Amino acid sequence: MSASASRTITEISDWLSAHVRMLDDAGERCEAIVGRLREAGLPIARLVVAVRSLHPQADAFSAVWEEGRDIQFREHLLANVDARERRLSPLFHATEEGRSSRHRLDGPPQADEGGIIQDLRDAGMTDYVVIALPFSDGSHRAMTFATRDPRGFGDRHVAILYGLTQALATTLEIRYLRHLAGTLMDTYVGTVAGRKVLDGAIKRGSGETIRAVIWFCDLRGFTALSERLSGAQLLETLNTCFDVMTLAIEAEDGEVLKFIGDAILAIFQPGGDDGDREAAARALAAAQAAVRNLSAVNHERESHGQPRIECGIALHLGDLLYGNVGGRRRLDFTVIGPEVNLASRIESMTRELKRPVLVSARFAEAHGGAFENLGRFAFKGVAERKTVLAPER
């Protein structure tokens, strides 16, 4: 390796450690890395960062920077990739075997080339370098570099890219661990609660009082279903129900806090100038969308001989304690208080009153829409009888 290449590797490694690892945005990191390498004379036209993921809907993610285009972020399900195509992919060899490689693209196609190689040829790329990045746990991620320069990458360029392997791996691993923690928090705790945990709200007893609309829904007849269905069928039924409910909640900027057996607890926090009214409008819109969508799902299920899914939804508005509760070594970030209990009690009336959505008087008043008064009811654990209403049909 030339003295010039060694000097460049040292300078860029120091720069990666001092600056790039501090950038939170993946797009900014890609732009910064490409910019610095191009300053060093490398004619990079395309950069891809590929990482495996623990996300429930994706096996891997990639960030794709290409000259003259906006950066793209892609999710990949490996089950959708042909087994032969995976074996031929340089990215597969990098991430699964830790093997870096270089591929000249200005010659005739080779018989054992994967699809990505042909795609790069078609895009006018002339040279392609894949760097396997070793992580501290023994696994590998990858970065790939391509150029359209008619001469391809020079020997000095390739030496620099290979020489930056460890520095790039360290920089990526630091950001990847943060991304991984965020993914796990979003998946198992919730977006807002997960952000609070990552920001340090992890002490037992830490919390705050918030005002929010409480959403509580429950799958009706779950015990009977569990006796009729196999374990796999029961999980499929639960997941179908939860899909319908959570998609409707998230579409209206609600936050799913937890799944309690066959039930869902979620909240809608005021986010606009109208406060309670705005949150109530979003919550009711989500509930009505969930009912419509579940009806469509049931039509499809019945056509395939599958049991219907029936759910009850309750909406209530109140002040909640939002924070950490639990044992010394196992905590749950959730909402607690009598208002949560009341929402649960109201939901229990949906079957008896034959309405899929019920609301409290406080919710109805905040919403301001048309609701039918179904009467006053006594609930276990609630001191006085409460008025229960339903959206007008």
Side-chain angles (χ1 to χ4, degrees), residues 190 192 207-220 241 244-246 248-292 294 310-323 334-393:
V192 177
E208 60 181 312
T209 298
I210 65 169
R211 190 165 180 81
V213 171
I214 307 152
W215 161 306
F216 193 91
C217 72
D218 193 29
L219 176 62
R220 296 178 189 164
C241 174
V244 172
M245 297 294 144
T246 58
I249 292 167
E250 291 166 357
E252 294 293 342
D253 292 328
E255 181 186 8
V256 176
L257 291 179
K258 61 168 58 180
F259 300 96
I260 312 166
D262 59 335
I264 297 175
L265 174 63
I267 58 173
F268 294 78
Q269 296 191 62
D273 295 336
D274 292 334
D276 292 351
R277 184 179 298 274
E278 180 268 344
R282 287 189 287 115
L284 183 58
Q288 292 173 327
V291 171
R292 290 193 303 271
L294 189 58
E310 303 291 350
C311 280
I313 302 171
L315 302 174
H316 177 46
L317 172 69
D319 294 328
L320 315 167
L321 181 60
Y322 187 40
T334 187
V335 291
I336 58 174
E339 310 296 359
V340 179
N341 179 56
L342 178 56
S344 172
R345 301 304 184 200
I346 292 174
E347 187 282 325
S348 69
M349 297 292 294
T350 56
R351 177 187 290 275
E352 179 181 333
L353 297 176
K354 296 182 172 55
R355 295 296 185 91
V357 180
L358 297 176
V359 307
S360 69
R362 191 184 300 157
F363 176 92
E365 181 181 0
H367 185 280
F371 294 88
E372 181 182 350
N373 189 327
L374 302 180
R376 290 176 61 82
F377 300 89
F379 295 111
K380 181 180 179 181
V382 180
E384 58 185 38
R385 299 169 73 87
K386 296 293 184 180
T387 299
V388 176
L389 305 95
E392 285 196 350
R393 292 170 171 169

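What you see is a predicted model; the values in this text were computed from it and never measured.
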Contacts of Arg277 meeting side chain to side chain donor-acceptor pair (under 3.5 Å) (sequence neighbours excluded), chain-then-number -> none

Could you go through Ile313 and Thr350, starting from their C-alpha distance and side-chain angles, then the distance that decides it, and tell me whether this counts as side chain to side chain contact (heavy atoms under 4.5 Å, CB included)? CA-CA 7 Å; Ile313 302 171; Thr350 56; over 6 Å; no

Within the structure provided, determine whether Leu315 and Trp215 are in side-chain contact (heavy-atom separation under 4.5 Å). yes

Given Ile214, which of Leu320, Leu342, Leu257 fulfils the side-chain contact (heavy atoms from CB on, under 4.5 Å) condition? Leu320

Are any of the side-chain nitrogens in Arg345 or Glu347 under 4.0 Å away from the carboxylate oxygens of its partner? no

Starting at CE of Met245, measure out to CG of Leu294 and round the result to the nearest 0.5 Å. 5.0 Å

Between Glu310 and Leu219, the two heavy atoms sitting closest are O-CD1, 3.4 Å

Taking every heavy atom of Arg220 against every heavy atom of Arg355, the minimum-distance pair comes out as NH2-O, 3.3 Å

Can you find a heavy atom in the side chain of Leu317 that is under 4.5 Å from one in the side chain of Arg211? yes

Close side-chain approach of Phe259 to Thr246, heavy-atom, < 4.5 Å: yes

Partners of Phe379 by ring pair (Phe, Tyr, Trp, His ring centres under 6.0 Å), sequence neighbours excluded? none

Once you measure the plane-to-plane angle for Phe363 and Phe371, does it fall in the parallel (<30°), tilted (30-60°) or perpendicular (>60°) bin? perpendicular

Which distance, rounded to the nearest 0.5 Å, do you find between the CD1 of Ile249 and the SG of Cys217? 6.0 Å

Grab the two heavy atoms, one from Val256 and one from Ala266, that are nearest each other, plus how far apart they are. CA-CB, 4.0 Å

Minimum heavy-atom separation for Ala263 to Phe216, with atom names? CB-CZ, 3.9 Å

Got a second to check how far Asp276's CG is from Gln269's CD, nearest 0.5 Å? 11.5 Å

Suppose we screen for side chain to side chain donor-acceptor pair (under 3.5 Å). Which residues come up paired with Thr387, at least two apart in sequence or across chains? Arg376

Minimum heavy-atom distance between Ala290 and Val244, given as atom pair plus value: O-CG1, 3.5 Å

Ala286 versus Phe268, closest heavy-atom pair with distance: CB-CZ, 3.9 Å

CG-CD1 distance between Asn341 and Ile346, expressed to the nearest 0.5 angstrom: 10.0 Å

Gap separating the SG atom of Cys241 from the CG atom of Asp262, nearest 0.5 angstrom: 8.0 Å

Distance (rounded to the nearest 0.5 Å) between Lys386 NZ and Met349 CE: 14.5 Å

